[in-house]
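Input: a single structure, listed below in structure tokens.
On a predicted model such as this, the values are computed, not experimentally measured, just so you know.
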Amino acid sequence: LLGFAGGIFTLLPLWGTRVFEEAAGAHTMGLLYASRGVGAAVGSLLVRTWIGDAPRTLRRAILVGFLAMGLFYALLAAAPSFPLAALCFLGAAIGGSTVWVFSGILLQWYGDRRYHGRLFALDFALHTVLLALSSWSFG
């Protein structure tokens, strides 16, 4: 499901160059990508520090991560200013990194160790295909 949400990145240049005309340009686009990157880098680390790493808690955090992504992307659609749009990208990335990292941890815990390589290859392949389809659809 995370791959389906990836198409939103296709639209990020529009926010950086056309949506907020007063701040439009490469610098704005770079700041939006940076806020997304910061959220992705620190998101799962902060969430794990806060909730721990029990499997049941990680499953709940994945659900909350998906909900956070949806909420922040919905708020992004109505963001009246560039700083609020950057915060929306940051919040959505925190949710996305929580989903990505915690689902990988659970896959390691529950997957048969003899098949880890194949499981992760399949997981990444499906994610890449869905991301490509989502990006194509958004484009």
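Pairing each heavy atom of Ala85 with each of Leu32, the nearest pair is C-CD2, 4.2 Å. Considering every non-hydrogen atom in both Gln108 and His116, the closest pair reads O-NE2, 3.1 Å. The shortest heavy-atom contact between Trp109 and Ala54 is CZ3-C, 4.4 Å. Annotation for Ser97 and Gly43: closest pair OG-CA, 3.5 Å, computed over non-hydrogen atoms. Considering all non-hydrogen atoms of both residues, Arg36 and Ala93 come closest at O-CB, 3.1 Å. In terms of heavy-atom proximity, Phe72 sits nearest to Gly91 at CD1-C, 3.4 Å.
In terms of hydrophobic clustering, with Ile, Leu, Val, Met, Phe, Trp and Tyr side chains grouped at heavy-atom distances under 4.5 Å, Ile62 and Phe124 are assigned to a common cluster. Linking ILVMFWY residues whenever their side-chain heavy atoms come closer than 4.5 Å, directly or via other members, places Val47 and Leu87 in the same cluster. Leu90 and Val101 fall within the same hydrophobic cluster, where Ile, Leu, Val, Met, Phe, Trp and Tyr residues are linked whenever their side-chain heavy atoms come under 4.5 Å apart, directly or through other members. Leu119 and Leu130 fall into different hydrophobic clusters, where Ile, Leu, Val, Met, Phe, Trp and Tyr are joined by side-chain heavy atoms under 4.5 Å apart, directly or via other members. No single ILVMFWY cluster, assembled from side-chain heavy atoms under 4.5 Å apart, contains both Leu75 and Val99.
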Problem set entry | side-chain contact (heavy atoms from CB on, under 4.5 Å) between Asp123 and Leu107, intermediate numbers included | CA-CA 9 Å; Asp123 179 47; Leu107 189 58; 4.2 Å; yes
**Asked** Please walk me through it: do Leu122 and Arg118 pass side-chain contact (heavy atoms from CB on, under 4.5 Å)?
**Response** CA-CA 6 Å; Leu122 179 62; Arg118 285 170 264 186; over 6 Å; no
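Note that the CZ atom of Phe66 and the CG atom of Leu71 stand 15.0 Å from one another [nearest 0.5 Å]. In this structure, Leu58 CG and Leu63 CG are separated by 13.0 Å, a value rounded to the nearest 0.5 Å.
Phe120 CZ: more than 12 foreign heavy atoms inside a 6.0 Å radius.
Checking each of Val64, Thr57, Thr98 against Ile51 for a side chain to side chain contact (heavy atoms under 4.5 Å, CB included) leaves exactly one that passes, namely Thr57.
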